[in-house]
Chemist: 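Before I ask anything, let me first share the structure, which is written out below as structure tokens.
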Amino acid sequence: MADGYDPQAVEAKWQARWAEERTYEVDNDDPRPPFYVLSMYPYPSGPAHQGHVRNYTFGDLIVRHRTMQGHAVLSPMGFDSFGLPAENAAIKANIHPRPFTDARIGELKASMLRLGAMYDWRREIRSHDPGYIRWNQVIFNRFLAAGLAYRANAPVNWCPGCNTVLANEQVLADGTCERSGDVVSKRNLEQWFFAITKYADELLECLDGLDWPERVKTMQRNWIGRSEGAEFDLPVDGRPDVKVRVFTTRPDTSFGMTYAVLAPEHPMVDELTTDDQRTAVAEFRERVSKESDIERLSTEGPAEKRGVFTGSSVVNPFNAQPVPVYLADYVLMGYGTGAIMAVPAEDQRDWDFAKAYDLPIVRTVQPPEGWEGEAYAGDGPVINSEWLNGLTDVATAKAKAIDWLEDQRLGERKVNYRLRDWLVSRQRFWGCPIPIVYCAADGIVPVPDDQLPVVAPDDVQMLSTGESPLKAHEGFRKTTCPKCGGPAERETDTMDTFVDSSWYFLRFCDPWDGMDPVDKKAAERWMPVDQYIGGIEHAILHLMYARFYTKALADLGIAPAGLREPFKRLFTQGMIRMGGTKMSKSKGNLVAPAKYLDTVGADSLRLYHLFVGPPADDVDWTEQTDELIDGCNRFLKRVWRLALGDGPGPAADAETVDRAAHRLIAKVSGDYERWSYNTAVAALMEFTNLLYKEGATDFAVDTMLLLLAPMTPHVAAELWERRRDGLVHTEPWPVADQDLVRQESATLIVQVNGKVRDRIVVDPGIDAGTAESLALASERVQEHLGGRTPKKVISRPPRLVNVVV
RNA sequence: GCCCGAGUGGCGGAAUGGCAGACGCGGUGGCCUCAAAAGCCACUGCCCUCCGGGGCGUGUGGGUUCGAGUCCCACCUCGGGCACCA
């Protein structure tokens, strides 16, 4: 009797061995074909939770599998270590966030090691390292020089809970902060922006070529929100030199314009408001400005209160008719020109407004017969539109209307985006300082590269007011102007932490480079990431910013010029839920992995995450989960005994067993390729059951260990070493012999009227005619025919024959 | 409201248009044991049965097909995303 399976002993032994062997440290001149696997680097909040375990299990499986297939696999890891939780915890404990953060990183890294996940730790990146901060700031300077970073006064989202501004992407649809849940309000502030909208078109177009989940691509397309249309001028009635510019996606419906609308914040409101309307307009604007986004976006409330007449009219250039100009809260200053032509017949919002204010409605598209709705936005023939009449579809009418506008020099074709520039300023302490100095003489001056990094000082008092201590720190704030040497003030805002994660994957290619943020030669070799793995929650924010950064860095000559996309393939794992909600620290419903590592071990926990269901699906953590994990452990114990001769004896029919082993190789290899790990595990369990029944062969057992090596690396390595005295993870991935994969016999299903009536063992190469006569000769078939003559016989050898009567 | 995704045993889940429920959990019975644990073996969708077998069954209702969990149409439920973006 060999010793029993002791996960803790086996795992400790192999984790030490792997650290010595350095199998997963790859150099940039490694001759093997490159493959870059990356799990999203985590925010260090303490020991790994189940979501991390799931993420790193998939990542590690791919790393080990690709290595066995002969690739040089780049598998780096780091920590997204700037951020609000550390800052808040530091305030609470009245300590500096750095030691706090370093301690959390230590805990997280330790649990990654205990999981047996392999990374090239030489390449580790921490966002808060001065070395990384320096490159972040160098890139900021390049962005500034190229006009990709700029400072502007704009209405921005202010979160009172986080005491900082937020990017549009960080505000949820209901107007609350995605992090704290507080209601976000608008403030006008001078802030730094990145010009992501310059890349709007490319960000949209490149999505088509990405091997990403369709869901994520759709979410990004919606977020970019491209719409094609036209912009043109509406001259004010009686003052032809004053014009209101409007954007529309439906220039074909222009003859149906019955009024025009300005956003309440539109700069021409005062000019267009007549004296008798001035009081009403002022009251309306006052009310709208006080409303939060939630109230303003709410469709609740009486429609009559949603707008006000300015007293002026503009002339519709299509038919020279004057139409009244209103203000309405449903028109936003931030999109298009902040003014619209209103066509109630083809736009439901305009329809509702027209009904409330008793404005006329003129249909310009013939709705289909039996149309009972109100506004009709669909396709149809043009009506009531003078020279557009007779056209039978919207697309042609649109094109003709735009051509006309351009011919008349009234307007032009125009594309608009929902995407806004990225607001990167944060009034926080624990982030990458924005490397800017404000000088009375020279204005905005970037800190020169050779004076970077600008790092936050250590001697700060963490303020419970929520204000960044940088503001109060005279030593930091007061500086000299790099240009004129005169007294100047530092920028005290830091960058959004999404900046850090927007290019770390490029830095991983050569984190030792002291000359440039990205080593182009190394990036050319490794990029784009072949397989990126992370949570669906990053579908828009991180993944959009990282795509923007990659394009911008390539255009600035920092990254390889041809690199247009960072992540070739993306896999988004499902989240872990408990009691209906996401398992998370903030919800307080974590089930720590440590308890499993201390009992059944890392391999059993990994196996559970692989076996529980399709990787993309959400996982429910229930009362049953511990039993499922025990089941995985039971399987590994069976494998243990099998491999060490304490299980079944040798197979009586070795050939049959070995053929099954070849089929197993084909099955598991195929499942690995299509991310179907749950069925791969099932096949391995099934095969183990077969060996317990039929007896084992050395080939069968060794094959199992090779196939298990990426999934349950410790136990596979231990058993392989005991049997073969080598390293299972440096063995080549097994290849199935196609001749042996083929089955020796097949089961022919015989149906009568689609119901199974008999099963016959046949030769897999059987032809249709033979199969048909075998089926008809079946006693059971004859019984069910009851003397009737078959109308038709479907023969699909060697699987099935269906006799129809 | 719009756009995705999903509905299969007590549970997690499996099924290139061709034996529905692989594999696992749970359950039942047996072997082993003084006993328990561990382990091994068998059974385990529902209903009927003369124990040969028969009927029903993948959210609902239709359709295509020799044959539908799978394809098409309409709907229901759940989950997610978007939602005055002109």
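First the proteins, then the strands, lettered A, B, ... as listed; each starts at 1. We use all heavy atoms of the structure for the numbers below, so side chains are in, but hydrogens, waters and symmetry mates are not.
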Chemist: Counting Watson-Crick and G-U wobble pairs whose two distances are both under 3.5 Å, find the runs of 3 or more in a row that involve RNA chain B.
Modeler: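 For RNA chain B the paired stretches long enough to count as stems (3 pairs minimum) are B:1-7 with B:76-82, B:10-12 with B:23-25, B:26-31 with B:39-44, B:45-48 with B:53-56, B:59-63 with B:71-75.
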Chemist: Starting at the 5' end of RNA chain B and moving along, which residue's nearest nucleotide shows up first, Ala683(A) or Glu627(A)?
Modeler: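 It is Ala683(A), whose closest nucleotide lies nearer the 5' terminus.
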Chemist: Does a side-chain N-to-carboxylate-O contact under 4.0 Å join Glu231(A) and Arg245(A)?
Modeler: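 Salt bridge: yes.
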Chemist: Does the separation of the ring centres of Tyr259(A) and Phe353(A) fall below 6.0 angstrom?
Modeler: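 Yes, the ring of Tyr259(A) comes within the 6.0 Å limit of the ring of Phe353(A), centre to centre.
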Chemist: Quick one: Lys667(A) NZ to rC23(B) P, roughly how many Å, whole number?
Modeler: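 Rounded to the whole Å, the gap is 12 Å.
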Chemist: Just to confirm, is there a sub-4.0 Å distance from OP1 or OP2 of rA22(B) to any side-chain nitrogen or oxygen of Thr679(A)?
Modeler: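 Looking at the OP1 and OP2 atoms of rA22(B), neither is under 4.0 Å from any side-chain N or O of Thr679(A).
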Chemist: Among rC41(B), rA15(B), rA22(B), which nucleotide sits nearest the side chain of Arg674(A)?
Modeler: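 Taking heavy atoms from C-beta onward, the closest nucleotide is rA15(B).
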Chemist: In this structure, how many angstroms lie between the P atom of rC2(B) and the CD atom of Gln348(A), rounded?
Modeler: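 Distance check: Gln348(A) CD to rC2(B) P gives 12 Å.
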Chemist: Describe the nucleic acid contact of Gly225(A) in one word from base, sugar-phosphate, nothing, applying a heavy-atom distance below 4.0 Å.
Modeler: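 Nothing: the residue Gly225(A), judged by heavy atoms under 4.0 Å, touches no strand.
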Chemist: Round to the nearest Å and state the distance from Asp617(A) atom CG to rG80(B) atom P.
Modeler: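 Value for this atom pair: 14 Å.
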Chemist: Phosphate oxygens OP1/OP2 of rC41(B): is one of them under 4.0 Å from a side-chain N or O of Asn689(A)?
Modeler: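 No.
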Chemist: Between the base of rC66(B) and the side chain of Asn802(A), is there a donor-acceptor distance below 3.5 Å?
Modeler: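 Indeed, a donor on one side and an acceptor on the other fall under 3.5 Å apart.
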Chemist: Heavy atoms from C-beta onward define the side chain here; which of rG18(B), rC19(B), rG12(B) lies closest to that of Leu800(A)?
Modeler: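 My answer, after comparing the listed nucleotides, is rG18(B).
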Chemist: On a whole-Å scale, what distance lies between the P atoms belonging to rU64(B) and rG54(B)?
Modeler: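 Pairwise P distance, rU64(B) against rG54(B), rounds to 28 Å.
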Chemist: Which nucleotide, rC66(B), rG24(B), rA86(B), lies nearest any side-chain atom of Leu628(A)?
Modeler: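 Nearest nucleotide to the side chain: rG24(B).
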Chemist: Check this for me, if you would: do Lys667(A) and Asp671(A) make a salt bridge, where the nitrogen-to-carboxylate-oxygen distance has to be below 4.0 angstrom?
Modeler: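 Asp671(A) and Lys667(A): salt-bridged.
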Chemist: Any chance the side chains of Asn222(A) and Arg418(A) put a donor and an acceptor closer than 3.5 Å?
Modeler: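 Distance-only check fails for Asn222(A) and Arg418(A).
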Chemist: Need the glycosidic conformation of rG67(B): syn if within 90° of 0, anti if not. Which one?
Modeler: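 Anti, since the glycosidic angle lies more than 90° from 0.
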Chemist: For Glu779(A), is the CD atom crowded, meaning more than 12 foreign heavy atoms sit under 6.0 Å from it?
Modeler: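 Atom CD in Glu779(A) is not crowded, with 12 or fewer foreign heavy atoms closer than 6.0 Å.
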Chemist: When the P atoms of rA14(B) and rG9(B) are compared, how many Å lie between them, rounded to an integer?
Modeler: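 So the two P atoms sit 14 Å from each other.
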Chemist: Pick the P atom in rG69(B) and in rG17(B), then give their distance to the nearest Å.
Modeler: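 Going atom to atom, P in each nucleotide, I get 13 Å.
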Chemist: Counting any heavy atom closer than 4.0 Å, what does Gln751(A) reach on the DNA or RNA strands: base, sugar-phosphate only, or nothing?
Modeler: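 Since a base atom lies under 4.0 Å of Gln751(A), the category is base.
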Chemist: Can you figure out which of rC23(B), rG18(B), rC19(B) approaches the side chain of Arg796(A) most closely?
Modeler: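 Given the options rC23(B), rG18(B), rC19(B), the side chain of Arg796(A) is closest to rG18(B).
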Chemist: Ring centres under 6.0 Å, that's the criterion: do Phe611(A) and Tyr677(A) meet it?
Modeler: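 No, too far apart.
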Chemist: Determine the interatomic distance between C1' on rU60(B) and the same-named atom on rU8(B); round to the nearest Å.
Modeler: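 Taking atom C1' in both rU60(B) and rU8(B), they lie 15 Å apart.
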Chemist: Do Tyr357(A) and Trp351(A) have ring centroids that are under 6.0 Å from one another?
Modeler: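 No; Tyr357(A) has its ring centre 6.0 Å or more from that of Trp351(A).
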Chemist: Using a 4.0 Å heavy-atom cut-off to protein, can you give one letter per nucleotide of nucleotides 45-58 of chain B, 5' to 3': B if the base is in contact, S if only the sugar-phosphate is, - if neither?
Modeler: --------SSSS--
Chemist: Check Ala339(A) against Leu262(A) and note the closest heavy-atom contact, atom names and distance.
Modeler: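 Smallest interatomic distance, heavy atoms only, reads CB-CD2, 3.6 Å.
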Chemist: Side chain of Gln624(A), base of rC11(B): donor and acceptor closer than 3.5 Å?
Modeler: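 When only heavy-atom distances are counted, Gln624(A) does reach the base of rC11(B) through a donor-acceptor pair under 3.5 Å.
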Chemist: Do Leu708(A) and Val715(A) have side chains that get closer than 4.5 Å, going by heavy atoms?
Modeler: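 They are not in contact (no side-chain heavy atoms under 4.5 Å apart), so the answer is no.
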Chemist: So that I can tick it off, tell me whether Arg221(A) and Glu214(A) are bridged by a salt bridge, with the cut-off set at under 4.0 angstrom between side-chain N and carboxylate O.
Modeler: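 A salt bridge is present here (some side-chain N lies under 4.0 Å from a carboxylate O).
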Chemist: So, is rG27(B) syn or anti if syn means the angle is within 90° of 0?
Modeler: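 Base orientation: anti.
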Chemist: Mind calculating the distance between NZ (Lys217(A)) and C1' (rG81(B)) to the nearest angstrom?
Modeler: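 Roughly 17 Å, once rounded to whole Å.
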Chemist: Determine whether more than 12 heavy atoms belonging to other residues, nucleotides or ligands lie under 6.0 Å from atom CZ of Arg799(A).
Modeler: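 No.
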Chemist: Under 3.5 Å, is there a donor on one side chain and an acceptor on the other for His542(A) and Glu537(A)?
Modeler: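 Distance-only check fails for His542(A) and Glu537(A).
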Chemist: Give the rounded distance in Å between these two atoms: NZ of Lys791(A) and C1' of rU65(B).
Modeler: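 It works out to 14 Å between those atoms.
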Chemist: Using the P atom as the reference point in each nucleotide, state the distance between rG52(B) and rC41(B) in Å, no decimals.
Modeler: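 Result for the P pair: 26 Å, nearest Å.
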Chemist: With nearest nucleotide decided by heavy atoms, which residue, Arg250(A) or Met219(A), maps closer to the 5′ end of RNA chain B?
Modeler: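 Going by which nucleotide is closer to the 5' end, it is Met219(A).
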Chemist: Sticking with atom P, work out how far rA20(B) lies from rA74(B), rounded to a whole angstrom.
Modeler: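 The answer is 29 Å between these two P atoms.
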Chemist: Using the C1' atom on both, measure rG67(B) against rU49(B) and round to a whole Å.
Modeler: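 That atom pair is separated by 28 Å.
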Chemist: Just the rounded figure in Å: distance from P of rG67(B) to NZ of Lys792(A).
Modeler: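 Value for this atom pair: 8 Å.
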Chemist: Of the nucleotides rA86(B), rC40(B), rU16(B), which has the atom closest to the Arg799(A) side chain?
Modeler: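 From the listed options, rU16(B) comes nearest.
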Chemist: Inspect the contact between Arg226(A) and Glu228(A) and indicate whether a charged nitrogen and a carboxylate oxygen are less than 4.0 angstrom apart.
Modeler: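 Yes, Glu228(A) and Arg226(A) are salt-bridged.
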Chemist: Can you check the Arg418(A) CZ to rC2(B) P distance for me, whole Å?
Modeler: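 So the CZ-P distance, Arg418(A) to rC2(B), works out to 19 Å.
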Chemist: Look at the side chain of Lys637(A) and decide which nucleotide, out of rA86(B), rC23(B), rA38(B), has an atom nearest to it.
Modeler: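 So the side chain of Lys637(A) is nearest to rA38(B).
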Chemist: Counting the atoms with a prime plus P, OP1 and OP2 as sugar-phosphate, which does Thr625(A) contact under 4.0 Å by heavy atoms, base, sugar-phosphate, or nothing?
Modeler: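 The answer is nothing, as Thr625(A) stays clear of every strand by at least 4.0 Å.
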Chemist: What's the gap between rA22(B) and rU16(B) when it is taken at their P atoms, as a whole Å value?
Modeler: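 Result for the P pair: 15 Å, nearest Å.
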Chemist: Give a yes/no on whether any side-chain N or O of Arg215(A) is located under 4.0 angstrom from OP1 or OP2 of rC3(B).
Modeler: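 So the side-chain polar atoms of Arg215(A) never come under 4.0 Å of the phosphate oxygens OP1 or OP2 of rC3(B).
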Chemist: Can a side chain N or O of Arg638(A) be found less than 4.0 Å away from OP1 or OP2 on rC40(B)?
Modeler: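 Checking Arg638(A) against rC40(B): at least one side-chain N or O falls below 4.0 Å of OP1 or OP2.
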Chemist: Expressed as a whole number of angstroms, how long is the span from Asp620(A):CG to rC11(B):C1'?
Modeler: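 Answer to the nearest Å: 11 Å.
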Chemist: Closer than 4.0 Å, any side-chain N/O of Asn678(A) to the OP1 or OP2 of rA14(B)?
Modeler: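 Affirmative; the distance criterion is met.
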Chemist: Just to be sure I understand the rule, does Arg641(A) reach a base, reach only the sugar-phosphate, or reach nothing, if contact means heavy atoms closer than 4.0 Å?
Modeler: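 Sugar-phosphate contact only.
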